[in-house]
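I have placed the structure first, in the form of structure tokens, so that the comments after it can refer back to it.
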Amino acid sequence: MPIRPPALDDRDFAALVDELLDRVSAHTPEWSPRLGDPGRTMIELFAWLADTLLYRANLIPERQRLAFLRLLGVGLRPAIPASGLVSLSLDAKKTAAVSLAAYGTVKGPMAFETQNEITVLPVTGQAYYKRSLTAEERAAFTDIQAALSQIYDAEEATPYVTTPQFAQGQAESIDLVNEAIDECLWIALLAPQPELVETVRETLGRTNDDGRAPLINIGAVPLLQVPDRFFGPDALQIGPRARLPFTWEISTGRVNTTTGQPEYLPLQTVADSTNGLVQPGVFRFSLPAPAFIGSLSNDVQIDPFAGTGDRPPRLDDPETDARLVTWIRLRPTATLAHFELSWVGINAVEIDQRQTVRDRILGTADGSANPTYALPGQSVDPATLIVEVDEPQLGYRPWRAIEDLALAGRDDKVYQLDAEAGIVTFGDGLRGQLLPIGQRLRIAQMRAGGGSEGNLPPGSLTEISALTLRQAPAGKLTVQQPIATTGGEAAEDLASAEQRIPAMLRHRDRAVTATDYKQLAAESPGVRVGRVEVLPRFHPEQVPTMGELK
């Protein structure tokens, strides 16, 4: 049978009244208290007082459980912030890039912040791919295809339709291997106006004041899905998704005089938070000099091979073609069964639900042992918290965080953080140094926040307030949110923390038995796990992955 701690006293108000009435009949049978009699009122009064005392007494087991949690060092887990991607664009009249500092505020139903710096380039990006013809289109263009085969002296020409993808910044899935005839995704970088193409090209390739090449941010969201083999006897073949073999290239606008093929330069990767297109994130690329940024003619009267072979897709809209600065293409470098994407866009930056606090005074030390101070926020990110103490003749000096003050020496300048509650506790002079009496404490920097309310649908975030790297207002920027923000989770409650006590005593974060593996996997933060299955002697690195070869 299950072990349930009994209540110290399970009597309620009605039971106490009945017990007193039974005693009246036993000790004073000549008295029969009725409703409304003063004696019956006194009985009910004392029954109510006893019921209140029993309620408090029955809280003792719960208090002991909470005290047990503290002895085990089991704190409540803080809320997990939602995260996502947004794409920024400048005013149509601007031709100069704007470099934004991290932690700009993105406004919507919930406030988000940018996680990294970003250089917003004065271009917009439109993705295209060379789509195969449908059966109806093939029948309609049979004669045209035969004529083109004669013109280009090709035994079999492969027709295609230049098809925009992710129009208006909206996410939509595509499998480049099975839907694009050249297995490539082409991104046209477009100037605001046709007369600004050369000016924008110079901006893209201009070296910064510090000698660094300009950077372009390209956000990418792979189409993550569970394969059909997740269930059944073939489930043992599933492993972690591997990094896909691919490359990003930029058009130089030149043709190789020997081969007659267009020339492309591989973009130099500065950072890649997608981890090889296995998760949503942002690529940061260094752009080449202006002389190596360009596009071939889209006019077949000038270049009869426009849009054919390894050339970019032809643009049917003359206005779009007039604003074309250059092409960036994404292509696989190996033969894959699938290359699936949900969204790709330029000027992208990662965001999360936390908010940044800087230079906030916490209070003044009074010399007491183990003083506690409430931080200006809950669900604090420990990696971003910087606590400083104004030490005599030294000024503000940072103190470091420690997991448990019991591990600190008497001269260690440390504090202990309760991330969920947003509370810091300092030492008592024996376990951690005492705070200097009369000196102030401040938060130099911290980021806090999170919760399931941050899981917003696409298009919910529409504005941004940010500073440039020189701490000047960035001006008006347009924000597009192509994908939903996900991963937000509420802070843990006491009941959930109590349920973790048996598991902690059983394995203490060590995975030995199959049950231990299940328990630890189910507790993965930020992941809603439905079911966990343990596969004995399974080595995922030795089996094909979702990016398997044909």
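Source: prediction; values computed, not measured.
Residues passing the side chain to side chain donor-acceptor pair (under 3.5 Å) test with D381, sequence neighbours excluded: none. Shown here are the side-chain contact (heavy atoms from CB on, under 4.5 Å) partners of V161, two or more places apart in sequence or in another chain: R131, L133, E137, T163. Considering only residues two or more places apart in sequence or on other chains, R323 meets the side-chain contact (heavy atoms from CB on, under 4.5 Å) condition with T124, L190, P194. Taking the salt bridge (charged side-chain N to carboxylate O under 4.0 Å, His left out) definition, one finds that E388 meets it with R442, sequence neighbours left out. For E249, the salt bridge (charged side-chain N to carboxylate O under 4.0 Å, His left out) partners at least two apart in sequence or on another chain are R329, R331. Scanning for salt bridge (charged side-chain N to carboxylate O under 4.0 Å, His left out) contacts around E420 gives an empty result, with sequence neighbours left out. Every residue two or more places apart in sequence or in another chain that forms a side-chain contact (heavy atoms from CB on, under 4.5 Å) with T468 is listed here: V98, R470, A472, A474. The side-chain contact (heavy atoms from CB on, under 4.5 Å) test applied to T478 returns S89, not counting sequence neighbours. The ring pair (Phe, Tyr, Trp, His ring centres under 6.0 Å) check on F285 picks up W248, F283, with sequence neighbours excluded. Residues passing the salt bridge (charged side-chain N to carboxylate O under 4.0 Å, His left out) test with R311, sequence neighbours excluded: D303.
D272 pairs with exactly one of T269, N275, T274 by the side-chain hydrogen bond (donor to acceptor under 3.5 Å, both in side chains) rule, that one being T274. With respect to R284, the side-chain hydrogen bond (donor to acceptor under 3.5 Å, both in side chains) criterion is satisfied by exactly one of N217, T119, N116: N217.
At a threshold of 4.5 Å between non-hydrogen side-chain atoms, the residues K413 and E391 count as touching. Proximity of I443 to D359: side-chain heavy atoms (C-beta onward) are nowhere separated by under 4.5 Å. The shortest side-chain heavy-atom distance between M446 and P376 falls under the 4.5 Å cut-off. In this structure, L100 and V349 have side chains that are not in contact, with every pair of non-hydrogen atoms separated by 4.5 Å or more. Looking at heavy atoms from C-beta onward, L277 lies in side-chain contact with F339 at the 4.5 angstrom threshold. By the 4.5 Å heavy-atom criterion applied to side chains, D352 and R447 are counted as neighbours. Side-chain contact check for L324 versus L315: some heavy-atom pair is nearer than 4.5 Å. The closest side-chain heavy-atom distance from L76 to D493 is not below 4.5 Å.
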For the pair L189 and I216, evaluate side chain to side chain contact (heavy atoms under 4.5 Å, CB included) and give the outcome as yes or no after the intermediate values.
CA-CA 11 Å; L189 299 188; I216 183 172; 4.2 Å; yes
Report the C-alpha distance between W399 and L435 in whole Å, list the side-chain angles of each, state the deciding distance to 0.1 Å, and finish with yes or no for side chain to side chain contact (heavy atoms under 4.5 Å, CB included).
CA-CA 10 Å; W399 286 35; L435 291 173; 3.8 Å; yes
Could you walk me through whether E179 and Y129 satisfy the side chain to side chain contact (heavy atoms under 4.5 Å, CB included) test, starting with their C-alpha distance in whole Å, then the side-chain angles of each, then the deciding distance to 0.1 Å, before giving a yes or no?
CA-CA 8 Å; E179 297 183 43; Y129 72 100; 4.0 Å; yes
Report the C-alpha separation of E117 and L469 in whole Å, then their side-chain angles, then the decisive distance to 0.1 Å, and conclude whether the side chain to side chain contact (heavy atoms under 4.5 Å, CB included) test is met.
CA-CA 8 Å; E117 298 177 2; L469 295 180; 3.7 Å; yes
Before giving the answer on side-chain hydrogen bond (donor to acceptor under 3.5 Å, both in side chains), spell out for T485 and Q353 the whole-Å C-alpha distance, their side-chain angles and the decisive distance to 0.1 Å.
CA-CA 9 Å; T485 55; Q353 194 181 349; over 6 Å; no
Would you give me the side-chain donor-acceptor pairs under 3.5 Å for residues 456-467, sequence neighbours excluded?
unit_1, atom_1, unit_2, atom_2, d
S460, OG, P457, O, 2.7

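Panel note: side chain S173, backbone S342; no donor-acceptor pair is recorded below 3.5 Å. Under the 3.5 Å distance criterion, the side-chain polar atoms of Q279 are matched with a main-chain donor or acceptor of S273. In this structure a side-chain-to-backbone donor-acceptor pair under 3.5 Å is present from Q165 to E172.
For E403, the CD atom sits in a loose shell: 12 or fewer heavy atoms of surrounding residues, nucleotides or ligands are nearer than 6.0 Å. Heavy atoms of other residues, nucleotides or ligands lying less than 6.0 angstrom from CD of Q268 number 12 at most. More than 12 heavy atoms of other shown residues, nucleotides or ligands fall within 6.0 angstrom of atom CD in E195.
Side-chain contact of T425 with T372: a donor-acceptor pair under 3.5 Å is absent, judged by distance alone. No side-chain donor from either of T320 and Q126 sits under 3.5 Å from a side-chain acceptor of the other.
Between W327 and W186, the angle of the ring planes goes over 60°, which puts this pair in the perpendicular group of the 30/60° scheme. The aromatic rings of Y373 and F426 stand perpendicular to each other, their planes meeting at an angle above 60°, with 30° marking the opposite boundary.
Residue pairs satisfying the side-chain hydrogen bond (donor to acceptor under 3.5 Å, both in side chains) criterion with at least one member in residues 285-295, sequence neighbours excluded, are absent.
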